[in-house]
2 protein chains.
Amino acid sequence: MATGIDALDRKILRVLQHDATLGLDEIAAQVGSSKTPVWNRIRKLREAGVIERQVAILDPQKLDLASCFFVLIRTARHDAEWLAQFTAALKARPEIMEAHRLAGEIDYLLKVRVENAGAYDRFYRSLIEDVSIFSVTALLSMEEIVAKTALPIAEDG
Amino acid sequence: MATGIDALDRKILRVLQHDATLGLDEIAAQVGSSKTPVWNRIRKLREAGVIERQVAILDPQKLDLASCFFVLIRTARHDAEWLAQFTAALKARPEIMEAHRLAGEIDYLLKVRVENAGAYDRFYRSLIEDVSIFSVTALLSMEEIVAKTALPIAEDG
DNA sequence: AATGAAACACTTCCTCC
DNA sequence: GGAGGAAGTGTTTCATT
(Lines give C-alpha, C1' and ligand atoms only; values in the text may rest on other atoms or scores of the structure.)
Protein backbone atom coordinates (compact mmCIF):
# COMPACT_ATOMS: atom_id res chain seq x y z
CA MET A 1 0.00 0.00 0.00
CA ALA A 2 2.79 2.41 0.91
CA THR A 3 3.75 2.62 -2.74
CA GLY A 4 7.11 4.29 -2.76
CA ILE A 5 6.36 6.83 -0.06
CA ASP A 6 9.63 7.55 1.71
CA ALA A 7 10.56 9.35 4.89
CA LEU A 8 10.72 12.77 3.21
CA ASP A 9 7.28 12.32 1.67
CA ARG A 10 5.92 11.45 5.08
CA LYS A 11 7.48 14.56 6.59
CA ILE A 12 5.87 16.71 3.92
CA LEU A 13 2.49 15.06 4.45
CA ARG A 14 2.74 15.54 8.18
CA VAL A 15 3.23 19.27 7.66
CA LEU A 16 0.48 19.63 5.05
CA GLN A 17 -2.20 17.83 7.01
CA HIS A 18 -1.69 20.25 9.89
CA ASP A 19 -1.43 23.43 7.84
CA ALA A 20 -1.90 23.59 4.11
CA THR A 21 -1.47 27.37 3.90
CA LEU A 22 2.29 27.23 4.41
CA GLY A 23 4.50 28.40 1.59
CA LEU A 24 6.84 26.08 -0.27
CA ASP A 25 9.86 27.75 1.27
CA GLU A 26 8.62 27.16 4.78
CA ILE A 27 7.65 23.54 4.12
CA ALA A 28 11.08 22.94 2.59
CA ALA A 29 12.76 24.43 5.66
CA GLN A 30 10.65 22.34 8.05
CA VAL A 31 11.39 19.06 6.30
CA GLY A 32 15.04 19.87 5.68
CA SER A 33 15.01 20.10 1.90
CA SER A 34 14.50 22.79 -0.73
CA LYS A 35 11.70 24.13 -2.87
CA THR A 36 11.95 22.13 -6.08
CA PRO A 37 12.16 18.60 -4.70
CA VAL A 38 9.43 19.36 -2.18
CA TRP A 39 7.19 20.74 -4.90
CA ASN A 40 7.79 17.73 -7.17
CA ARG A 41 6.91 15.39 -4.35
CA ILE A 42 3.73 17.26 -3.46
CA ARG A 43 2.74 17.08 -7.13
CA LYS A 44 3.29 13.34 -7.25
CA LEU A 45 1.47 12.79 -3.97
CA ARG A 46 -1.49 14.69 -5.36
CA GLU A 47 -1.46 12.73 -8.61
CA ALA A 48 -1.20 9.46 -6.72
CA GLY A 49 -4.24 10.44 -4.66
CA VAL A 50 -2.34 10.34 -1.37
CA ILE A 51 -3.35 13.98 -0.96
CA GLU A 52 -7.06 13.79 -1.68
CA ARG A 53 -8.03 17.40 -1.34
CA GLN A 54 -7.40 20.63 0.52
CA VAL A 55 -10.16 22.07 2.63
CA ALA A 56 -11.04 24.66 5.25
CA ILE A 57 -12.01 23.30 8.66
CA LEU A 58 -14.82 25.32 10.21
CA ASP A 59 -15.98 25.72 13.79
CA PRO A 60 -19.34 23.93 14.18
CA GLN A 61 -20.19 25.93 17.31
CA LYS A 62 -20.04 29.20 15.39
CA LEU A 63 -22.29 27.88 12.65
CA ASP A 64 -25.20 26.70 14.79
CA LEU A 65 -24.22 23.07 14.45
CA ALA A 66 -23.40 22.42 18.07
CA SER A 67 -24.97 18.96 18.32
CA CYS A 68 -23.09 15.86 17.31
CA PHE A 69 -24.70 12.42 17.46
CA PHE A 70 -23.26 8.98 16.88
CA VAL A 71 -25.90 6.62 15.59
CA LEU A 72 -25.59 2.84 15.94
CA ILE A 73 -27.78 0.96 13.48
CA ARG A 74 -28.85 -2.68 13.22
CA THR A 75 -30.37 -3.49 9.88
CA ALA A 76 -33.49 -5.48 9.19
CA ARG A 77 -32.37 -6.74 5.79
CA HIS A 78 -28.98 -7.60 4.31
CA ASP A 79 -29.74 -8.08 0.63
CA ALA A 80 -28.07 -6.16 -2.18
CA GLU A 81 -31.10 -4.14 -3.12
CA TRP A 82 -31.62 -2.85 0.42
CA LEU A 83 -27.89 -2.12 0.72
CA ALA A 84 -27.84 0.03 -2.40
CA GLN A 85 -30.89 1.95 -1.20
CA PHE A 86 -29.47 2.44 2.26
CA THR A 87 -26.07 3.57 0.97
CA ALA A 88 -27.71 6.07 -1.37
CA ALA A 89 -29.84 7.42 1.50
CA LEU A 90 -26.72 7.96 3.62
CA LYS A 91 -24.80 9.74 0.89
CA ALA A 92 -27.70 12.03 0.10
CA ARG A 93 -27.90 13.52 3.60
CA PRO A 94 -25.44 16.30 4.32
CA GLU A 95 -25.90 15.95 8.11
CA ILE A 96 -24.15 12.58 7.91
CA MET A 97 -20.49 13.42 8.12
CA GLU A 98 -19.32 9.84 8.49
CA ALA A 99 -20.90 6.49 7.79
CA HIS A 100 -19.17 3.20 8.44
CA ARG A 101 -20.23 -0.38 7.79
CA LEU A 102 -19.11 -2.36 10.81
CA ALA A 103 -18.09 -5.89 11.67
CA GLY A 104 -20.07 -7.43 14.51
CA GLU A 105 -23.61 -7.20 15.81
CA ILE A 106 -23.99 -3.49 15.10
CA ASP A 107 -24.14 -3.03 11.34
CA TYR A 108 -23.59 0.69 10.80
CA LEU A 109 -22.26 3.70 12.65
CA LEU A 110 -23.06 7.25 11.60
CA LYS A 111 -21.68 10.56 12.78
CA VAL A 112 -24.37 13.18 12.43
CA ARG A 113 -23.93 16.91 12.84
CA VAL A 114 -27.04 18.97 13.48
CA GLU A 115 -28.27 22.18 15.03
CA ASN A 116 -29.93 20.70 18.12
CA ALA A 117 -31.87 17.72 19.44
CA GLY A 118 -34.95 18.69 17.49
CA ALA A 119 -33.01 18.69 14.25
CA TYR A 120 -31.67 15.25 15.08
CA ASP A 121 -35.17 13.98 15.66
CA ARG A 122 -36.26 15.27 12.27
CA PHE A 123 -33.25 13.60 10.71
CA TYR A 124 -34.04 10.33 12.50
CA ARG A 125 -37.67 10.31 11.43
CA SER A 126 -36.77 11.08 7.85
CA LEU A 127 -34.17 8.31 7.75
CA ILE A 128 -36.40 5.54 9.10
CA GLU A 129 -39.08 6.65 6.67
CA ASP A 130 -36.72 6.16 3.74
CA VAL A 131 -35.16 2.83 4.66
CA SER A 132 -36.23 -0.04 6.90
CA ILE A 133 -33.96 -0.38 9.94
CA PHE A 134 -34.15 -2.93 12.75
CA SER A 135 -32.87 -0.79 15.62
CA VAL A 136 -31.26 2.57 16.20
CA THR A 137 -29.28 3.83 19.18
CA ALA A 138 -28.17 7.44 19.34
CA LEU A 139 -25.22 8.61 21.42
CA LEU A 140 -25.09 12.34 22.09
CA SER A 141 -21.70 14.01 22.30
CA MET A 142 -21.49 16.45 25.21
CA GLU A 143 -17.94 17.55 24.54
CA GLU A 144 -15.42 17.11 21.75
CA ILE A 145 -12.19 16.39 23.55
CA VAL A 146 -10.23 15.59 20.40
CA ALA A 147 -11.14 16.50 16.80
CA LYS A 148 -8.29 15.95 14.37
CA THR A 149 -8.14 15.56 10.64
CA ALA A 150 -4.46 14.60 10.69
CA LEU A 151 -3.62 10.93 10.30
CA PRO A 152 -1.02 9.39 12.62
CA ILE A 153 1.77 9.14 10.06
CA ALA A 154 4.70 7.17 11.41
CA GLU A 155 8.21 8.62 11.52
CA ASP A 156 9.67 5.96 9.28
CA GLY A 157 8.36 3.00 7.32
CA MET B 1 -23.92 31.85 18.00
CA ALA B 2 -24.38 32.74 14.34
CA THR B 3 -22.82 36.12 15.06
CA GLY B 4 -23.53 38.12 11.97
CA ILE B 5 -22.89 35.41 9.43
CA ASP B 6 -25.09 36.15 6.47
CA ALA B 7 -26.09 34.21 3.37
CA LEU B 8 -23.04 35.31 1.38
CA ASP B 9 -20.68 34.29 4.18
CA ARG B 10 -22.32 30.89 4.23
CA LYS B 11 -21.90 30.52 0.48
CA ILE B 12 -18.22 31.32 0.77
CA LEU B 13 -17.77 28.85 3.62
CA ARG B 14 -19.57 26.16 1.69
CA VAL B 15 -17.11 26.59 -1.16
CA LEU B 16 -14.02 26.73 1.05
CA GLN B 17 -14.81 23.63 3.07
CA HIS B 18 -14.99 21.63 -0.15
CA ASP B 19 -11.96 23.11 -1.86
CA ALA B 20 -9.61 25.60 -0.23
CA THR B 21 -7.22 25.77 -3.20
CA LEU B 22 -9.57 27.90 -5.30
CA GLY B 23 -8.46 31.40 -6.25
CA LEU B 24 -10.32 34.48 -5.10
CA ASP B 25 -11.63 35.16 -8.59
CA GLU B 26 -13.17 31.73 -8.84
CA ILE B 27 -14.72 31.85 -5.37
CA ALA B 28 -16.15 35.27 -6.18
CA ALA B 29 -17.67 33.92 -9.39
CA GLN B 30 -19.17 30.89 -7.64
CA VAL B 31 -20.84 32.93 -4.91
CA GLY B 32 -21.93 35.72 -7.26
CA SER B 33 -19.77 38.53 -5.92
CA SER B 34 -16.36 40.03 -6.64
CA LYS B 35 -12.83 39.78 -5.29
CA THR B 36 -12.66 42.50 -2.65
CA PRO B 37 -15.85 41.78 -0.69
CA VAL B 38 -15.15 38.05 -0.77
CA TRP B 39 -11.62 38.64 0.45
CA ASN B 40 -12.75 40.90 3.30
CA ARG B 41 -15.31 38.33 4.41
CA ILE B 42 -12.81 35.46 4.37
CA ARG B 43 -10.48 37.59 6.47
CA LYS B 44 -13.17 38.31 9.03
CA LEU B 45 -14.30 34.68 9.14
CA ARG B 46 -10.72 33.66 9.84
CA GLU B 47 -10.28 36.28 12.56
CA ALA B 48 -13.59 35.28 14.15
CA GLY B 49 -12.42 31.66 14.22
CA VAL B 50 -15.24 30.44 12.01
CA ILE B 51 -12.52 29.19 9.68
CA GLU B 52 -10.28 27.32 12.11
CA ARG B 53 -7.59 26.12 9.79
CA GLN B 54 -6.76 24.88 6.32
CA VAL B 55 -5.47 21.36 5.88
CA ALA B 56 -4.70 18.63 3.38
CA ILE B 57 -6.90 15.54 3.58
CA LEU B 58 -4.93 12.36 2.96
CA ASP B 59 -5.98 8.88 1.89
CA PRO B 60 -5.56 6.52 4.87
CA GLN B 61 -5.47 3.45 2.61
CA LYS B 62 -2.40 4.74 0.81
CA LEU B 63 -0.58 5.41 4.07
CA ASP B 64 -0.93 2.00 5.68
CA LEU B 65 -3.66 3.18 8.03
CA ALA B 66 -6.47 1.05 6.67
CA SER B 67 -8.02 0.12 10.02
CA CYS B 68 -10.51 2.36 11.74
CA PHE B 69 -11.99 1.47 15.13
CA PHE B 70 -14.70 3.12 17.17
CA VAL B 71 -14.15 2.55 20.86
CA LEU B 72 -16.97 2.81 23.39
CA ILE B 73 -15.72 3.37 26.93
CA ARG B 74 -17.39 3.14 30.33
CA THR B 75 -15.32 4.73 33.05
CA ALA B 76 -14.58 3.36 36.49
CA ARG B 77 -14.20 6.74 38.13
CA HIS B 78 -15.77 10.12 37.58
CA ASP B 79 -13.69 12.44 39.78
CA ALA B 80 -11.85 15.50 38.50
CA GLU B 81 -8.38 14.04 38.97
CA TRP B 82 -9.15 10.96 36.91
CA LEU B 83 -10.84 13.11 34.26
CA ALA B 84 -7.79 15.30 33.80
CA GLN B 85 -5.53 12.27 33.54
CA PHE B 86 -7.84 10.55 31.05
CA THR B 87 -8.23 13.66 28.89
CA ALA B 88 -4.46 14.15 28.78
CA ALA B 89 -3.97 10.50 27.81
CA LEU B 90 -6.42 10.89 24.92
CA LYS B 91 -4.82 14.07 23.62
CA ALA B 92 -1.34 12.58 23.73
CA ARG B 93 -2.13 9.67 21.39
CA PRO B 94 -2.02 10.54 17.69
CA GLU B 95 -4.02 7.41 16.74
CA ILE B 96 -7.06 8.98 18.43
CA MET B 97 -8.57 11.16 15.74
CA GLU B 98 -11.74 11.93 17.65
CA ALA B 99 -12.71 11.70 21.30
CA HIS B 100 -16.15 12.61 22.60
CA ARG B 101 -17.59 12.69 26.08
CA LEU B 102 -21.10 11.32 25.82
CA ALA B 103 -24.41 11.60 27.59
CA GLY B 104 -25.86 8.28 28.70
CA GLU B 105 -24.52 4.98 29.92
CA ILE B 106 -21.51 4.98 27.62
CA ASP B 107 -19.13 7.68 28.82
CA TYR B 108 -16.69 8.15 25.93
CA LEU B 109 -16.43 7.38 22.25
CA LEU B 110 -13.11 7.37 20.41
CA LYS B 111 -12.31 7.11 16.73
CA VAL B 112 -8.97 5.39 16.34
CA ARG B 113 -6.99 5.09 13.12
CA VAL B 114 -4.32 2.38 13.00
CA GLU B 115 -2.37 0.16 10.64
CA ASN B 116 -4.13 -3.12 11.45
CA ALA B 117 -5.76 -5.15 14.22
CA GLY B 118 -2.42 -5.79 15.89
CA ALA B 119 -1.71 -2.10 16.10
CA TYR B 120 -5.14 -1.56 17.65
CA ASP B 121 -4.41 -4.19 20.26
CA ARG B 122 -1.16 -2.46 21.18
CA PHE B 123 -3.04 0.84 21.43
CA TYR B 124 -5.72 -0.76 23.61
CA ARG B 125 -3.21 -2.35 25.99
CA SER B 126 -1.28 0.87 26.29
CA LEU B 127 -4.42 2.88 27.02
CA ILE B 128 -5.78 0.64 29.78
CA GLU B 129 -2.32 0.60 31.32
CA ASP B 130 -2.32 4.38 31.56
CA VAL B 131 -5.83 4.99 32.86
CA SER B 132 -8.34 2.86 34.71
CA ILE B 133 -11.39 2.09 32.59
CA PHE B 134 -14.46 0.06 33.53
CA SER B 135 -15.29 -1.45 30.16
CA VAL B 136 -14.26 -1.08 26.52
CA THR B 137 -16.10 -2.14 23.38
CA ALA B 138 -14.40 -1.82 20.02
CA LEU B 139 -16.32 -1.54 16.76
CA LEU B 140 -14.32 -2.25 13.62
CA SER B 141 -15.14 -0.33 10.47
CA MET B 142 -15.20 -2.56 7.40
CA GLU B 143 -16.01 0.18 4.94
CA GLU B 144 -16.16 3.96 5.01
CA ILE B 145 -19.31 4.78 3.13
CA VAL B 146 -19.19 8.49 3.88
CA ALA B 147 -16.19 10.51 5.09
CA LYS B 148 -16.75 14.25 4.91
CA THR B 149 -15.10 17.19 6.56
CA ALA B 150 -17.71 19.63 5.28
CA LEU B 151 -20.35 20.76 7.74
CA PRO B 152 -23.98 20.84 6.59
CA ILE B 153 -24.27 24.61 6.27
CA ALA B 154 -27.84 25.66 5.64
CA GLU B 155 -28.80 27.75 2.63
CA ASP B 156 -30.20 30.58 4.72
CA GLY B 157 -30.39 31.42 8.38
C1' DA C 1 18.68 11.27 -10.58
C1' DA C 2 18.05 14.79 -7.50
C1' DT C 3 19.24 19.53 -5.97
C1' DG C 4 19.74 24.61 -5.98
C1' DA C 5 19.12 29.05 -8.29
C1' DA C 6 16.86 32.04 -11.10
C1' DA C 7 12.86 33.61 -14.01
C1' DC C 8 7.93 33.95 -15.08
C1' DA C 9 3.09 34.11 -14.14
C1' DC C 10 -0.30 34.26 -10.96
C1' DT C 11 -2.49 35.31 -6.36
C1' DT C 12 -2.95 37.36 -2.48
C1' DC C 13 -3.51 41.42 0.01
C1' DC C 14 -3.50 46.40 0.63
C1' DT C 15 -4.69 51.26 -0.76
C1' DC C 16 -7.32 54.37 -3.06
C1' DC C 17 -11.53 55.47 -5.54
C1' DG D 1 -18.42 47.51 -3.26
C1' DG D 2 -14.84 48.04 -7.32
C1' DA D 3 -10.20 48.96 -9.55
C1' DG D 4 -5.47 48.86 -9.55
C1' DG D 5 -0.82 47.90 -7.85
C1' DA D 6 2.99 46.14 -4.85
C1' DA D 7 4.54 42.17 -2.71
C1' DG D 8 4.83 37.58 -2.26
C1' DT D 9 3.74 32.78 -4.01
C1' DG D 10 3.55 28.89 -6.78
C1' DT D 11 5.21 26.89 -11.02
C1' DT D 12 8.52 26.20 -14.71
C1' DT D 13 13.12 25.98 -16.59
C1' DC D 14 17.99 25.60 -16.54
C1' DA D 15 22.48 24.70 -14.65
C1' DT D 16 24.80 21.87 -11.14
C1' DT D 17 26.27 17.96 -8.27
Side-chain angles (χ1 to χ4, degrees), chain A residues 1-59 62-64 148-151 153-157, chain B residues 2-59 62-64 149-151 153-157:
Chain A
M1 301 303 124
T3 27
I5 295 170
D6 68 4
L8 183 54
D9 287 327
R10 264 193 289 274
K11 275 190 188 176
I12 295 168
L13 292 172
R14 225 176 293 132
V15 173
L16 283 179
Q17 70 175 347
H18 282 102
D19 189 349
T21 65
L22 264 40
L24 233 52
D25 286 326
E26 201 162 351
I27 299 169
Q30 282 193 32
V31 301
S33 184
S34 65
K35 278 175 72 166
T36 315
V38 170
W39 190 81
N40 284 327
R41 281 158 183 272
I42 292 175
R43 221 174 119 65
K44 290 212 169 164
L45 290 165
R46 268 204 269 257
E47 277 166 18
V50 179
I51 299 173
E52 286 183 353
R53 60 197 195 282
Q54 221 172 95
V55 301
I57 303 296
L58 311 181
D59 184 343
K62 298 210 169 84
L63 288 159
D64 257 330
K148 280 181 199 160
T149 50
L151 298 170
I153 299 175
E155 283 294 323
D156 50 21
Chain B
T3 29
I5 296 170
D6 67 4
L8 182 55
D9 287 326
R10 263 192 289 276
K11 274 190 188 175
I12 294 167
L13 292 171
R14 225 175 295 133
V15 173
L16 283 179
Q17 71 174 347
H18 282 102
D19 188 350
T21 66
L22 264 40
L24 268 168
D25 286 326
E26 201 161 349
I27 299 168
Q30 281 194 34
V31 302
S33 184
S34 64
K35 279 173 70 170
T36 314
V38 170
W39 169 241
N40 286 329
R41 280 157 184 272
I42 292 175
R43 220 172 121 62
K44 291 214 168 162
L45 290 166
R46 268 204 269 258
E47 276 166 19
V50 179
I51 298 173
E52 285 184 354
R53 60 194 195 283
Q54 220 171 93
V55 301
I57 302 297
L58 311 181
D59 183 343
K62 299 212 167 84
L63 288 161
D64 257 331
T149 51
L151 298 171
I153 300 176
E155 284 293 322
D156 50 21

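A note on names: the letters A, B, ... follow the listed sequences, proteins ahead of strands, and every chain is numbered from 1. The basis for the numbers below is simple: all heavy atoms, side chains too, and nothing from hydrogens, waters or symmetry mates.
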For this session: Mind running side chain to side chain contact (heavy atoms under 4.5 Å, CB included) on Ile153(B) and Lys11(B) for me, showing each step along the way?
Result: CA-CA 9 Å; Ile153(B) 300 176; Lys11(B) 274 190 188 175; over 6 Å; no
For this session: Please examine the side chains of Asp59(B) and Ile51(A), heavy atoms only from C-beta on, and report whether any two atoms are closer than 4.5 Å.
Result: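 No, too far: nothing below the 4.5 Å cut-off.
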For this session: Ignoring hydrogens and angles, tell me if any N or O in the side chain of Gln17(A) forms a donor-acceptor pair with the backbone of Leu151(A) under 3.5 Å.
Result: yes
Exercise. If only atom types and distance count, is the side chain of Gln54(A) paired as donor or acceptor with the main-chain N or O of Asp19(B) below 3.5 Å?
Worked result: no
Seminar exercise, completed: side chain to side chain contact (heavy atoms under 4.5 Å, CB included) with Val31(A): of Asp9(A), Val38(A), Leu13(A), only one passes, and it is Val38(A)
For this session: Indicate for each nucleotide in nucleotides 4-17 of chain D, in 5' to 3' sequence, whether protein heavy atoms under 4.0 Å reach the base (B), only the sugar-phosphate (S), or nothing (-).
Result: ------SBSB----
Problem set entry | Terminal contacting nucleotides, 5' and 3', DNA chain C versus chain B (heavy atom, 4.0 Å) | dT12(C) to dC14(C)
Problem set entry | Working for side chain to side chain contact (heavy atoms under 4.5 Å, CB included), residues Arg14(B) and Glu155(B) | CA-CA 9 Å; Arg14(B) 225 175 295 133; Glu155(B) 284 293 322; 3.3 Å; yes
Exercise. Is the shortest distance from a Lys or Arg side-chain nitrogen in Lys35(B) or Glu26(B) to a carboxylate oxygen in the other one below 4.0 Å?
Worked result: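 Salt bridge between Lys35(B) and Glu26(B), a charged N being under 4.0 Å from a carboxylate O: no.
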